[in-house]
Amino acid sequence: MKKYKVGIVGAGGVTELHFVGYKDHPERIEIVALCDPNPEALHAKADKYGVPQRFTELNDFIQNSGVEAVVVCTPTSIRKQIVLPLIEAGLPVFVEKPFSDTLAEATEITEKARQKGIPISINQNFRRHYPFELVKGKVADGVIGKVTSIVFTNIFFRQDVGWRQECERNAMSVMGIHWFDGFRQILGCDAVSVVCQNRSSSAIQCAGETDATVQVVFENNVVATYVQSFSSTFNRTEMIVIGETGTIVTGYNRAELYRKGDKTPTETWENHISREIATYEGLNHLLTSLETGVEAPNSSKDNLKTISILDAAYVSADEQRIVQLKHGILV
Ligand SMILES: NC(=O)c1ccc[n+]([C@@H]2O[C@H](COP(=O)([O-])OP(=O)(O)OC[C@H]3O[C@@H](n4cnc5c(N)ncnc54)[C@H](O)[C@@H]3O)[C@@H](O)[C@H]2O)c1
């Protein structure tokens, strides 16, 4: 197994997940460089994890770090200005979620990478951190029969500071992106239409929406109903997957199977994959794709279908209409 020299751009909150996730895999990943224009953030993180090379400027990092792959942990609002120069320099990229706030930007980056023959993968770490893959397996095994509906609730109180407060696309871009991606994993088919209403609560200081209700219809006729709130003083994150012969109810760490008439679950499955472990797995998918030439399951191309649902939800809310997708892509 080849070991890669990896660089990270952005030394903020999420970068911690990457350092912690990678440190258990020195046989695969060596973090040789960190880049952030904020010298305080840069040196604090580089000191903590013993990163030898430090850069405050992206071009300097690209030209002088000698990295073989790059992890992008910068604010979503500056995706293009960070990722395009990396692709131009021929560097494979592992990008934080959301790949972009808009399908147009995600498509532009994906097309540029295709032209240059550079793979990009996205850190959809909740595929494994939240039990989406676990439920996907149960559904594929026929445990609840044909799925009819998914009901998803993610409500809590969240006041961000800094760049996120300025983002016009907020709660769904921050959290919905995980859930849209998760519905796709479970159902294994494309979304065909999206309808959404969103609101911005005065309880939270931010430019974008804090609350949203979305319905996504999939090719297999399943309807996923998703409610998001960053303004709820009551916390709940729960997914209910309703099938013809049973229902699965999930939280972050477990999934429970209910049969007709049951007051308690017939079966319970645990899920203890941390965000850090799932993040390592995400980067490893990219590295494996470099070696095999086979497209990674978390490729940018695949992610366009997740971003399409996100973008369609915003278009639906703005234009007050049902938005149709073709082959999972917003057209
Ligand atoms: N996968 C997850 O579970 C998860 C969790 C949190 C955040 N994220 C994503 O990670 C990204 C970063 O979020 P965060 O919470 O770490 O933000 P943050 O504000 O904590 O950190 C961003 C860092 O990027 C740096 N930065 C700004 N401009 C830069 C530039 N031009 N070059 C290099 N560095 C620059 C900032 O100085 C800061 O240190 C976002 O896209 C967010 O959606 C993902």
Side-chain angles (χ1 to χ4, degrees), residues 7-22 33-49 51 53-62 65 67 70-86 89 91 93-102 105-106 109 120-130 132 154 156 158-167 169-182 206 208 230 237 252 273-283 285-286 298 300 303 306-307 310:
I8 301 183
V9 182
V14 80
T15 309
E16 199 66 22
L17 284 189
H18 292 263
F19 277 114
V20 173
Y22 304 155
L34 184 61
C35 174
D36 195 303
N38 175 346
E40 236 171 79
L42 173 68
H43 291 295
K45 203 70 88 187
D47 286 347
K48 184 172 176 188
Y49 291 101
V51 183
Q53 302 187 78
R54 297 145 192 221
F55 299 88
T56 51
E57 213 269 312
L58 186 66
N59 280 333
D60 189 15
F61 165 87
I62 289 173
S65 63
V67 296
V70 179
V71 177
V72 171
C73 298
T74 43
T76 313
S77 45
I78 56 166
R79 273 294 178 267
K80 229 167 77 165
Q81 76 185 63
I82 302 295
V83 175
L84 289 183
L86 295 169
L91 289 164
V93 184
F94 184 46
V95 189
E96 260 307 336
K97 65 87 235 188
F99 179 22
S100 169
D101 277 340
T102 67
E105 184 181 68
I109 296 172
I120 301 184
S121 283
I122 316 304
N123 189 21
Q124 292 291 170
N125 50 351
F126 278 48
R127 283 185 184 181
R128 302 257 295 149
H129 173 54
Y130 199 83
F132 288 119
N154 179 218
F156 62 111
R158 174 172 172 143
Q159 175 63 69
D160 282 302
V161 292
W163 60 271
R164 274 199 189 84
Q165 284 183 287
E166 312 303 323
C167 296
R169 293 185 167 189
N170 187 35
M172 290 192 288
S173 169
V174 171
M175 293 309 298
I177 194 74
H178 289 301
W179 317 135
F180 294 139
D181 189 67
C206 66
F230 279 9
T237 301
Y252 276 92
I273 297 166
S274 66
R275 290 196 297 168
E276 291 81 357
I277 290 173
T279 295
Y280 163 72
E281 291 175 348
L283 174 56
H285 283 319
L286 174 76
N298 56 353
S300 57
N303 209 261
T306 296
I307 297 288
L310 177 74

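Just follow the structure's listing: the first ligand is 1, and inside any ligand the first atom is 1.
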Parallel, tilted or perpendicular: ring planes of F132 versus Y130, cut at 30 and 60 degrees: tilted

Quiz question: by atom type and distance under 3.5 Å, do the side chains of Q165 and D160 form a donor-acceptor pair? no

Taking atom types as modelled and ignoring hydrogens, do the side chains of D101 and S173 form a donor-acceptor contact shorter than 3.5 angstrom? yes

Which protein residues come within less than 4.0 angstrom of ligand 1, counting heavy atoms only? V9, G10, A11, G12, G13, V14, L17, C35, D36, P37, N38, C73, T74, P75, T76, I78, R79, I82, E96, K97, P98, N123, N125, F126, W163, R164, R275

Residues in ring pair (Phe, Tyr, Trp, His ring centres under 6.0 Å) with F180, at least two apart? Y226

Pair R128 + E281, salt bridge at N-O below 4.0 Å: yes

Would you confirm whether R79, through its side chain, and F99, through its main-chain N or O, come within 3.5 Å as a donor-acceptor pair? yes

